[in-house]
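A short write-up of the structure that comes next.
The shown structure was predicted, so the numbers you read here are calculated from the model rather than taken from an experiment. Order of listing sets the numbers, starting from 1, for every ligand and every atom in it. If you read the sequence from its start, that first residue is 1, and numbering goes on from there.
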Amino acid sequence: MKRLIAAVFASLGLTLAMAQVPAPAELIPADGTPNITKELSRKIGGKAFAKKTASLPAFAFEQAYELTVTPKGYRVQANTQTGYFYALQTLSQMQTCGTVYDYPRFQYRGFMLDISRHFRDKDFILKQMKALANLKINQLHLHLTDDAGWRLQVDSYPLLTSQAAWRVGSNWQEWCNLDRQYSQEGAPEAVGGYLTKADIREILAEAQKLHMNVIPEIEMPGHSREVVFAYPEVGCREGSYELCPGKEATFTLLESVLEEVIELFPSPYIHIGGDEADKEHWKTCPDCQARMKAEGLSSVEELQSYLVKRIERFINAHGRQLLGWDEILEGGLSPNATVMSWRGTQGGLEAIRQGHDAVMTPGRFCYLDKVQDAPIYEPEGFGGYLPLDVAHSYDPLSEIPEDSYGHLLGVQGNLWHERIPTPEHTEYMMYPRVAAIAEVGWSQPSRKDGFRERVTRWNDALIAAGYNAFDIKKEMGERPAFKHGIRHAAVGKKVTYKEFWNRGYPAAREATFTDGLGGGWSYGDGRWQGFLSDIDVTIDMEQVQDIHFVGGTFLCEPGPGIFLPKSVEIWLSADGENFTQAAVVPQEIQKPSQSYVLFGAPITGQARYVRFVAHPSRGFQFLDEVIVN
Ligand code: ACM
Ligand code: ZN
């Protein structure tokens, strides 16, 4: 174990200066310079500590530890080797002498890496595992298969790797633009790769040392275009994105793959995906229709549920538990399934209500593919803004009835890789936000104070050790108009609408454009009002006055279909009846990436009523304030 400590130090370059992340349950500091290299005593499985921790839930008992660091060395007590391992992680972060008594809030503290959209190799994964283990993350979920590439050696279906692991286009976006074509191993244009079974064994051996479980995800029945490409007999028809639950060939393939997966991975959980299956082909596929008739299924949702239930029987018969995205609730949840809630928390809450276990990974707090700082300066994300503080603010128990707490296994951060072409970019998106997720999963809410200072030290050490983490010291934070507001002459004035906003994006309704509150980086933050129609509003300034400027900032985010207006018109009136046009502001150029563009004009005129009209170009237009001066 000493060698392991040395290895952890060496690989992370950890120093005495690190603060504790995640925050421990109790820390009593003492004077002196800590000696973290000399172990004075180690008691694993002793009676005294078992007594001290007897009232903890079983998982917390098993991971608890007490660490005392003095100028002479350190002492550890734990009930298990896992507790001892966590003591060493904390030891690596001790800045002062003292005693730490610690145990986790949740049993499941996860991170998901998508290695389908852009492949990440064994060495990269091993490097991340060390940092994750230092944060006491104990579940590494590998999204191994998806349309963009199959990433796991399967001996019984070799085309999954010789063909479906390779594609054209240097990155995911290019592959999409090139019509999602696959290639073959060894072809000059082939981009991709996969983990061999030997790679997986190495990852699993390291995981065992790091007291981490590796959960394999084999996606079904959606996100499976690469499988249908390699083995067309498992699709409703060629080029289908979904597996065909009507055909026996599909179950033969899935069970054969899962058999190899179960043989390879010791994980108690096998993740079967289950999300976002487009079930349209099933409605016309003769095999799917025959299956529905034979099984008495009345909807395609029930047909998906049939597949998941049948796969669950197979997984359970092999002594494992099925884990799936929250869509597995639709059409009826299989009897023993655990639900991973990603479309908000509703799926997890519903699973718990039905007596199942759940892991929370709601997009708003846990999707690390969102940008973490001002999107105008960040590399492109997948849409949305998730700064460190927001990830850290999440409380997975906040909506759960107290008598069901035991069904909430924990929390997970997900890093989807559509827009993350390089390994450096992966690290940039992971750190330090995954430390926020780790603290949500490990620490009691009352212990979460001072996170920014603690995580900054941890993150600086990580950067020094050669990780391409985002330098949180340089964070700009929210859009200035959101943080500080906008002062102008129309604040508090009444606005009348000719056309109302889109129901999904009301912001503050009639108050939105004159409340002095600017929108943030994200269109969904409740400050931006969204329209699929013209914006046509009139502001009553209450008395005739000089007008020098009228304008408003529009958000452009092509991903979710939000664009700049085609043009903006500004009209003035003294009586609210007769308007004269004061300015027309044309769109100069449609921005290709996320941006915030002021459409406004200096004006010389007098008015009581100011009318602001914006014509959409395509899709949505989003506006936060109409500024009048
Ligand atoms: C997911 O984000 N489609 C699970
Ligand atoms: Zn079918």
Using a 3.5 Å cut-off on N/O to N/O, what pairs does ligand 1 make with the protein? A line per pair would be great.
unit_1, atom_1, unit_2, atom_2, d
ligand 1, 2 (O), Y367, OH, 2.6
ligand 1, 2 (O), W416, NE1, 3.4
ligand 1, 3 (N), D275, OD2, 2.6
ligand 1, 3 (N), E276, OE1, 3.2

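Protein atoms of type N/O/S that fall under 2.8 Å from the Zn ion (ligand 2) number 4 in this view.
Ring centroid separation for the pair F482 and W521 does not come in under the 6.0 Å cut-off.
Salt bridge absent: E295 and R310 never bring a charged side-chain N and a carboxylate O closer than 4.0 Å.
For the pairing with F620, the ring-ring contact (aromatic ring centres under 6.0 Å, His included) check across Y523, W528, F563, Y505 returns one residue only, Y505.
Within a 6.0 Å radius of CD in Q208, other residues, nucleotides and ligands contribute 12 heavy atoms or fewer.
A side-chain N or O of E327 and one of W342 form a donor-acceptor pair less than 3.5 Å apart. A donor and an acceptor atom, one from each side chain of R291 and Y306, are located under 3.5 Å apart.
Legend: ring pair (Phe, Tyr, Trp, His ring centres under 6.0 Å) pairs involving residues 104-140, not counting sequence neighbours: none detected.
For R364, the side-chain hydrogen bond (donor to acceptor under 3.5 Å, both in side chains) test picks out no residue, with sequence neighbours left out.
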request  = Could you give me the CA-CA distance, side-chain angles and deciding distance for E301 and W282, then say whether side chain to side chain donor-acceptor pair (under 3.5 Å) is met?
outcome  = CA-CA 10 Å; E301 284 71 32; W282 298 355; over 6 Å; no
